[in-house]
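Residue numbers begin at 1 in each chain, while the letters A, B, ... track the order of the sequences.
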2 protein chains.
Amino acid sequence: MNRPKQPKRTTIYDLAELAGTSASAVSAVLNGNWKKRRIGSQLAERITKLAEEQGYAVNMQASLLRREKSKIIGMIVPKYDNRYFGSIVETFETMARERGLFPIITCTRRDPNLEIEAAREMLSYQVEWVVSTGATDPDRVTDLCAASGVRSLNLDLPGSKAPSVISDNFSGARELTRRVLVNYERKLGHRSPLLFIGGRGNDHNTSERVRGFLAAHAEMGIAIDEHHILTCGYAPEKAEEALAAVARAEGSVPMGMFVNSTISLEGVMRWMTCSGHTGAKAPTLGCFDWDPFVALLCEDIEMVRQDVPAMLARVFDIIDHGAHAGSLIEIPPVFI
Amino acid sequence: MNRPKQPKRTTIYDLAELAGTSASAVSAVLNGNWKKRRIGSQLAERITKLAEEQGYAVNMQASLLRREKSKIIGMIVPKYDNRYFGSIVETFETMARERGLFPIITCTRRDPNLEIEAAREMLSYQVEWVVSTGATDPDRVTDLCAASGVRSLNLDLPGSKAPSVISDNFSGARELTRRVLVNYERKLGHRSPLLFIGGRGNDHNTSERVRGFLAAHAEMGIAIDEHHILTCGYAPEKAEEALAAVARAEGSVPMGMFVNSTISLEGVMRWMTCSGHTGAKAPTLGCFDWDPFVALLCEDIEMVRQDVPAMLARVFDIIDHGAHAGSLIEIPPVFI
DNA sequence: CGAGTCTGCTCAATCGATGGAGCAACAATT
DNA sequence: AATTGTTGCTCCATCGATTGAGCAGACTCG
């Protein structure tokens, strides 16, 4: 730093004074429409240089207050603790920036109140769009946004009042179940129904995956034990406890499982480790989600990878070109 | 929605008109200092109810423009693809909110230009602090911020011009190395030097970890092969290639390794899988970072977990109470 | 030469919220 | 009755950038 530290930030008025010109000329030059405003190129250059020297940065608050569009886009996301949401956020940020939008992301830790709180805060920042990812109650967010004339959009979990982009849970789950059933038969020499674990029974994704799970069993003529559909929630502890409970009640646990997310898988694996179901005694697994370490380290698991790039491409397609309020776009997940 | 959709957002002027009062009364009521401004409680209540009914949300742009402090705090983060950065971001968000700060987070994908670009953008939004996490060139960010009178702070990787909060890499690496050396001896019946892989040779964390790695070897009287310190970068592919290159050149690879991050570990495991170093032939591993699936699935690995809550506690301690510009705070990582 | 056009700029209102200053109206005190 | 104090509000300048309107001066053309 060769300049004395400013007590206040440099403004266009400071630059105008330094350049011996007016604030509006400075503004026009710095936001690029000086040609339209017929500012001479010499003056433009002088102002640009001065701005650089002074380390000038627009005051967005002032700029946005005056402008009609904020170019800010908000995203609500439940957690950062798995690859799926991580890549959603990273892709979202990148794609938003490519379009000249400024992304604001808030993690709501699966707390419905925080979701609303976060949405409200985003509205205060004049966001143009709110993307609710995996929201517990997306329609409430949509209502809140609509009341302020802000458009919204659901990702991962659908809502009824805004367009939704989600994975094709039914087809993905059916295919995943098929594969696990085949693996199971190959390994143990006989057919047997799988156990479904993880997720919330009343969320769309989980119920669609259960439907796919049941369809695959039906296709292969395998009867299912309804007690083995454990939609116990997403937290690892829940899955761990649910399996332990089944083991306690029935003396054993099915040796083939459909796990609804990597988060639940963490609980399943904890249970496997604690109860000694490892190595040869490890169950045949399928997981509706992907993690690189599991893919590398786990012998007997089939993973579906949700197609995050395709999902976000659709999200921005809707942002750029619109969609019907209740439309549901289902993106096929990828098998590796 | 029982109200017609507003073409424009509700402002305090709209509310003032509806309540038959002035905008300043509305403002005073809604930002909570109506007692100081001697607004009657009946009017206050009426305004509050109206605001609720109309779904009013302050225009932060206008509010911040007028106020002296923005209460916005920025964080730059390299990636969202591992648990370490994920929990940094999640903890940061939570702690910022607890203090009434609004967090803005940008992922720079380890691109030095994006780091500067992101910092510049944050300055435009009048952030009060910028936290550079794992930044390639943190001092450049600090300079940029200082030129606008904005304070900054480094996390994970230190800089020389702003206070830095990092892991105690030396002690952590020394202890981790000791443990892996012991595990190796227990498993194979003899002592042998480990291979170090991952990270950038010229970054502070990596060089400190190498120092700890060497110290542990020296303590135990084990000589090291300098060719086996592979600071090949962070990307998984780099680690994979580096190991393949050693195998090609020397015919084999040391059966004990110190891996510098989970990202590099991903590459190491890919190499292990591809080259058949699994099961009994798997190397004894240590990883300076933690991942739940690795911890559960990998037999022969020792992991250090960086103490994210403690690190962020110190970060906010500095934000709340200050620290010297160049101070370096080292947080001991946790062994599980 | 005067009217019209073009160039290069400045003026001033504006966005919405905030807060210092001030003004009625009424109560309390001397 | 005159003064002082209190309550409950309103007025208006302000934050910094943007933009429609407008104004000199130079240049063009019939």
Side-chain angles (χ1 to χ4, degrees), chain A residues 6-47 50-51 54-72 123-126 128 148-149, chain B residues 6-47 51 54-72 121 123-126 128 148-149:
Chain A
Q6 282 101 352
K8 298 207 122 207
R9 322 267 302 249
T10 313
T11 70
I12 49 167
Y13 298 94
D14 302 330
L15 293 180
E17 190 154 6
L18 285 168
T21 182
S22 72
S24 49
V26 174
S27 171
V29 169
L30 295 177
N31 67 27
N33 63 356
W34 53 282
K35 292 233 157 165
K36 267 164 254 158
R37 299 207 28 109
R38 298 191 315 231
I39 305 293
S41 48
Q42 288 129 110
L43 180 56
E45 211 163 310
R46 195 148 45 91
I47 289 175
L50 260 171
Q54 299 294 314
Y56 171 82
V58 235
N59 183 325
M60 273 295 172
Q61 265 75 51
S63 175
L64 293 180
L65 176 58
R66 192 68 215 316
R67 283 214 293 262
E68 67 314 347
K69 315 200 84 192
S70 74
K71 300 253 178 191
I72 301 180
L123 291 178
S124 285
Y125 280 91
Q126 315 296 111
E128 293 180 20
S148 297
Chain B
Q6 283 101 355
K8 297 208 119 203
R9 322 267 302 247
T10 313
T11 70
I12 51 168
Y13 297 93
D14 303 331
L15 293 179
E17 190 154 8
L18 285 168
T21 181
S22 72
S24 50
V26 174
S27 170
V29 168
L30 295 178
N31 67 26
N33 63 359
W34 53 282
K35 293 234 155 163
K36 268 165 253 158
R37 301 214 15 117
R38 297 192 316 231
I39 304 292
S41 46
Q42 287 131 109
L43 180 57
E45 211 162 310
R46 195 149 44 91
I47 290 174
Q54 299 295 316
Y56 171 81
V58 235
N59 182 324
M60 273 295 172
Q61 263 73 52
S63 176
L64 293 181
L65 177 57
R66 191 69 218 308
R67 284 215 292 263
E68 65 316 342
K69 314 200 85 191
S70 75
K71 299 250 176 197
I72 301 181
E121 203 161 22
L123 291 178
S124 286
Y125 280 92
Q126 315 297 111
E128 293 181 19
S148 297

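Phosphate contact (OP1/OP2 of dC15(C), side-chain N/O of Thr11(B), threshold under 4.0 Å): absent. Side-chain nitrogen and oxygen atoms of Asn31(B) include at least one within less than 4.0 Å of the OP1 or OP2 phosphate oxygen of dT18(C). Side-chain nitrogen and oxygen atoms of Thr21(B) include at least one within less than 4.0 Å of the OP1 or OP2 phosphate oxygen of dT10(D). Contact annotation: Asn33(B) reaches the phosphate of dG19(C) (side-chain N/O to OP1 or OP2, under 4.0 Å). Contact annotation: Ser22(B) side-chain N/O to dC9(D) OP1/OP2 distance is not under 4.0 Å. Applying the 4.0 Å criterion to OP1 and OP2 of dA17(D), one finds that Tyr56(A) has a side-chain N or O inside that range.
Among dG8(D), dG16(C), dT7(C), the nucleotide with an atom closest to any side-chain atom of Arg38(A) is dT7(C). The listed nucleotides are dA17(C), dA21(D), dA17(D); the one nearest the side chain of Ser27(B) is dA17(C). For Ile12(B), the listed nucleotide lying nearest its side chain is dA17(C); candidates were dT18(D), dA17(C), dC23(C).
Without hydrogens or angle criteria, Arg9(A) side chain to Gln126(B) main chain gives no donor-acceptor distance under 3.5 Å.
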Please lay out, stage by stage, how Thr11(A) and Asp14(A) fare under the test side chain to side chain contact (heavy atoms under 4.5 Å, CB included). CA-CA 5 Å; Thr11(A) 70; Asp14(A) 302 330; 3.5 Å; yes
Could you go through the side chain to side chain contact (heavy atoms under 4.5 Å, CB included) check for Leu64(B) and Tyr125(A) one step at a time? CA-CA 10 Å; Leu64(B) 293 181; Tyr125(A) 280 91; 4.1 Å; yes
So Leu15(B) and Leu30(B), side chain to side chain contact (heavy atoms under 4.5 Å, CB included) or not? Walk me through it. CA-CA 11 Å; Leu15(B) 293 179; Leu30(B) 295 178; 3.8 Å; yes
Where do Gln54(A) and Leu18(A) land on the side chain to side chain contact (heavy atoms under 4.5 Å, CB included) test, with the steps shown first? CA-CA 10 Å; Gln54(A) 299 294 314; Leu18(A) 285 168; 4.0 Å; yes
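Atom NZ of Lys36(A) is separated from atom P of dT18(D) by 12 Å (rounded to the nearest Å). Look at CG on Leu64(B): it is 12 Å from P on dA17(C), rounded to the nearest Å. Rounding to whole angstrom units, OH of residue Tyr13(A) and C1' of dC11(C) are separated by 11 Å. Nucleotide dC15(C) holds its P atom 18 Å from the CG atom of Asn59(A), rounded to whole Å. Spacing between atom CH2 of Trp34(A) and atom C1' of dT10(C) amounts to 18 Å, rounded to whole angstrom units. Going from atom CD1 of Ile39(A) over to atom C1' of dA24(D) covers 15 Å, rounded to whole Å. Straight-line distance from the CD1 atom of Ile47(A) to the P atom of dT18(D): 13 Å, rounded to whole Å. Rounded to a whole Å, the CG atom of Leu15(B) is 8 Å from the P atom of dA17(C).
Evaluation of atom-type donor-acceptor distances gives a pair under 3.5 Å for the side chain of Ser24(A) against the base of dC11(C). For dT18(C), the base has no donor-acceptor partner in the side chain of Arg37(B) [N/O atoms by modelled type, under 3.5 angstrom]. For dT18(D), its base never sits under 3.5 Å from the side chain of Arg67(A) at any donor and acceptor pair. Not a single donor-acceptor pair, N or O on each side, falls under 3.5 Å between the base of dG16(D) and the side chain of Arg66(B).
Across all strands, Ser63(A) comes closer than 4.0 Å only to sugar-phosphate atoms, never to a base (heavy-atom distances). Residue contacts for Leu30(B): at a heavy-atom cut-off of 4.0 Å it reaches no nucleic acid atom on any strand shown.
Taking every heavy atom of both residues into account, Ala23(A) and Ala16(A) meet most closely at N-CB, 3.6 Å.
When the nearest nucleotides of DNA chain D are assigned to Leu65(B) and Ala44(B) by heavy-atom distance, the more 5′-ward of the two goes with Ala44(B).
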